[in-house]
Asker: 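Next up is a structure, given as structure tokens.
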Amino acid sequence: MSTEKVKCLIIGSGPAGYTAAIYTGRANIAPVLYEGLQPGGQLTITTEVENFPGYPEGISGTQLMEDLRKQAERFGADIRNGIATSADLSKRPYHITIDDEKVIEAETVIISTGATAKYLGLEDEQKYAGMGVSACATCDGFFYRKKTVAVVGGGDTACEEAIYLAGLAKQVYLIVRKPFLRASKIMQARVINHPNIKVLFEHNAVGLYGENGVEGVHLVKRQGESDEERYDLPIDGFFLAIGHKPNSDIFKDYLDTDEVGYIITEEGTPRTKVPGVFAAGDVADPHYRQAITAAGSGCKAAIEAERYLSANNLL
Ligand code: NDP
């Protein structure tokens, strides 16, 4: 297996990774960044970003990530295709294997691998994968023009996906397991007032049916304390928007994670328990999970990496 030595390895290409690359690039550390499975991260599969400071009219997620990438490259970041497939953080330099074929020996590592969409765990989700089941409305919504779709979830993502789909589909059902939405007030209002969206509170999706693709969803509606009603709802597409799982599996032997898998860092900093290894963005953030907070933590991780390299005479 080939090896390469770097001062700072950044894993992941969302706002955290790119911001870390901008800062370490400007500090002349010549960072190497591997983009991971989804170059640009989750923002590339969202629509409009309205709350990233500096864009009064909003900006598309893809454009924002392209801009961040260009900004990182301008300062010398070496941005590459590739996925970190295993890690050995037992001693410095830390060994990260890329695509099972190359080992990067890094003096510092910034983990900004983000999080991946969760599924309900129904067998039917696999059975109908690519045949009516999706976790990305902006990727697949196009196929449901003038059709009927359901979105599962009650958070901001679910509301965003429902609104996006409502612009294409003729009817959108939002399947929410609680009697209320968890989303921000502004998103709640948009969903509730949208003529094409119907919110099904206290509903759970328990299965899908259809001959050659999704034709409907089996629903259970809670009625009071103990009663429930079961019925089938015809739909053409079934979208999941129930949150995300942090992409921390390959680091679990070396770093502390919480029960969901979020990497635990020292309060208020991106420092993990391994010196010189930092975690930034959604992979370490169960609370805020915003593009701007991810970018902020990427900045902190870069500053920490620079200080660590300097303190250990590695610059
Ligand atoms: P959240 O964790 O906020 O919401 C997940 C939703 O899915 C909840 O309604 C939850 O229900 C529901 N859910 C989870 N598991 C299941 C299940 N097994 N069956 C049925 N429903 C389930 O995730 P989001 O992805 O929506 O948001 C993550 C973070 O990103 C949040 O902080 C959010 O504010 C932020 N965000 C911000 C945006 C913006 O500002 N533009 C856009 C998108 C996300 P329950 O409430 O019952 O737990």
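All residue numbers in this chain count up from 1 along the given sequence. If you're wondering where the values come from, they're calculated on a predicted model, not measured in any experiment.
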Asker: Under 3.5 Å, is there a donor-acceptor pair between the side chain of Thr19 and the main chain of Ala16?
Answerer: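 No, Thr19 side chain to Ala16 backbone: no donor-acceptor pair under 3.5 Å.
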Asker: Between Glu306 and Ile303 (side chain of the first, backbone of the second, donor and acceptor by atom type, cut-off under 3.5 Å), is there such a pair?
Answerer: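 Checked: no pair found.
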Asker: Using the side chain to side chain contact (heavy atoms under 4.5 Å, CB included) definition, which of the options Val6, Leu89, Ile111 pairs with Ile96?
Answerer: Leu89
Asker: Rounded to the nearest 0.5 Å, what separates atom OG in Ser248 from atom CG in Asp258?
Answerer: 8.5 Å
Asker: Just by distance, do the side chain of Thr85 and the backbone of Asp100 share a donor-acceptor pair under 3.5 Å?
Answerer: yes
Asker: Answer yes or no: does atom CG of Leu37 have more than 12 heavy-atom neighbours from other residues, nucleotides or ligands under 6.0 Å?
Answerer: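 Counting neighbours around CG of Leu37, 12 or fewer heavy atoms of other residues, nucleotides or ligands fall under 6.0 Å, so no.
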Asker: Could you report the tightest heavy-atom contact between Gly36 and Ile83, atom names first, then the distance?
Answerer: C-CG1, 3.8 Å
Asker: Could you go step by step and tell me if Thr108 and Tyr94 meet the side chain to side chain contact (heavy atoms under 4.5 Å, CB included) rule?
Answerer: CA-CA 7 Å; Thr108 58; Tyr94 304 114; over 6 Å; no
Asker: Above 12 or not: heavy atoms from other molecules or residues under 6.0 Å from CZ of Phe251?
Answerer: yes
Asker: Is any NZ, NE, NH1 or NH2 atom of the basic residue among Lys273 and Asp256 found under 4.0 Å from an Asp or Glu carboxylate oxygen of the other?
Answerer: yes
Asker: Can you measure from CZ (Arg307) to CG (Asn312) and round to the nearest 0.5 angstrom?
Answerer: 14.0 Å
Asker: Using a strict threshold of under 4.0 Å (side-chain N to carboxylate O), is an ion pair present between Arg230 and Glu228?
Answerer: yes
Asker: If you measure from the Lys or Arg side-chain nitrogens to the Asp or Glu carboxylate oxygens, is any gap between Lys300 and Glu266 under 4.0 Å?
Answerer: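 Result for this pair is no, no salt bridge flagged.
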Asker: Would Asn51 and Ile292 count as a side chain to side chain contact (heavy atoms under 4.5 Å, CB included) if you check the C-alpha gap in whole Å, the side-chain angles of each, and the deciding distance to 0.1 Å?
Answerer: CA-CA 8 Å; Asn51 49 14; Ile292 187 65; over 6 Å; no
Asker: Output, in order, the C-alpha distance, side-chain angles, deciding distance and verdict of side chain to side chain contact (heavy atoms under 4.5 Å, CB included) for Thr138 and Tyr164.
Answerer: CA-CA 7 Å; Thr138 45; Tyr164 177 75; 3.9 Å; yes
Asker: Main chain of Gln223, side chain of Asp227: is a donor-acceptor contact present, judged purely on distance under 3.5 Å?
Answerer: no
Asker: Please confirm whether Phe239 and Tyr144 have ring centers closer than 6.0 angstrom.
Answerer: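 Yes, the ring of Phe239 comes within the 6.0 Å limit of the ring of Tyr144, centre to centre.
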Asker: Decide, yes or no, whether a salt bridge links Arg92 with Glu107 under the criterion of side-chain N to carboxylate O below 4.0 Å.
Answerer: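 Between Glu107 and Arg92 there is a salt bridge, with a charged N closer than 4.0 Å to a carboxylate O.
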Asker: Counting N and O atoms only, with roles assigned by atom type, does the side chain of Asp236 sit under 3.5 Å from a partner on the main chain of Thr148, one being a donor and the other an acceptor?
Answerer: yes
Asker: Is the cationic atom of Arg26 (NZ for Lys, CZ for Arg) positioned less than 6.0 Å from the six-membered ring centroid of Phe75 and within 45 degrees of its normal?
Answerer: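 Satisfied, under 6.0 Å and within 45°.
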Asker: Would you call Leu120 and Ile242 a side-chain contact if the rule is heavy atoms closer than 4.5 Å?
Answerer: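 Yes, their side chains come closer than 4.5 Å.
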Asker: To the nearest 0.5 angstrom, please state how far the CD1 atom of Ile22 sits from the NZ atom of Lys70.
Answerer: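 Separation between the atoms: 12.5 Å.
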Asker: Are the side chain of Glu215 and the backbone N or O of Glu211 linked by a donor-acceptor pair below 3.5 Å?
Answerer: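 Yes.
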Asker: Treating Ile, Leu, Val, Met, Phe, Trp and Tyr as nodes and any side-chain heavy-atom pair under 4.5 angstrom as an edge, say whether Ile11 and Tyr308 lie in one connected cluster.
Answerer: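 Ile11 clusters together with Tyr308.
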Asker: Is the backbone N or O of Asn247 less than 3.5 Å from a side-chain atom of Thr113, with the two atoms forming a donor-acceptor pair by type?
Answerer: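 Here the side-chain-to-backbone pair exists.
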Asker: Answer yes or no: is there a donor N or O on one side and an acceptor on the other, between the side chain of Asp124 and the main chain of Leu208, under 3.5 Å?
Answerer: yes
Asker: Rounded to the nearest 0.5 Å, what's the gap from CZ on Arg80 to OH on Tyr34? Could you check?
Answerer: 4.0 Å
Asker: Would Gln171 and Asn196 count as a side chain to side chain donor-acceptor pair (under 3.5 Å) here? Give the steps.
Answerer: CA-CA 5 Å; Gln171 175 74 58; Asn196 295 0; over 6 Å; no
Asker: Given side chain to side chain contact (heavy atoms under 4.5 Å, CB included), test Ile104 with His95 step by step and report yes or no.
Answerer: CA-CA 6 Å; Ile104 302 288; His95 287 201; over 6 Å; no
Asker: Whether Glu202 and Lys221 form a salt bridge (side-chain N of Lys/Arg under 4.0 Å from carboxylate O of Asp/Glu) is what I want to check.
Answerer: no
Asker: With side chain to side chain donor-acceptor pair (under 3.5 Å) as the test, would you mind laying out the steps for Ser86 and Thr97 before giving the verdict?
Answerer: CA-CA 5 Å; Ser86 63; Thr97 307; 3.2 Å; yes
Asker: Can we say Asp67 and Arg69 salt-bridge, meaning some charged N sits less than 4.0 Å from an Asp/Glu carboxylate O?
Answerer: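 No, no charged N to carboxylate O under 4.0 Å.
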Asker: Can a donor-acceptor pair be found, under 3.5 Å and without considering hydrogens, that links the side chain of Glu125 to the backbone of Tyr119?
Answerer: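 Such a contact is absent between Glu125 side chain and Tyr119 backbone.
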Asker: For atom CG of Leu315, decide whether the heavy atoms of other residues, nucleotides or ligands shown that lie under 6.0 angstrom number more than 12.
Answerer: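 It does: Leu315 CG has more than 12 such atoms within range.
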Asker: What's the separation between atom CD in Glu50 and atom CD in Glu160, rounded to the nearest 0.5 Å?
Answerer: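 These two atoms lie 8.0 Å from each other.
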Asker: Keeping the roles fixed (side chain from Thr265, backbone from Arg271), state whether a donor-acceptor pair exists under 3.5 Å.
Answerer: no
Asker: Can you check whether Tyr231 and His203 have ring centres sitting under 6.0 Å from each other?
Answerer: yes
Asker: Compute both the distance and the angle, then confirm whether Arg145 meets the cation-pi test with Phe142: under 6.0 Å from the six-membered ring centre, within 45 degrees of the axis.
Answerer: yes
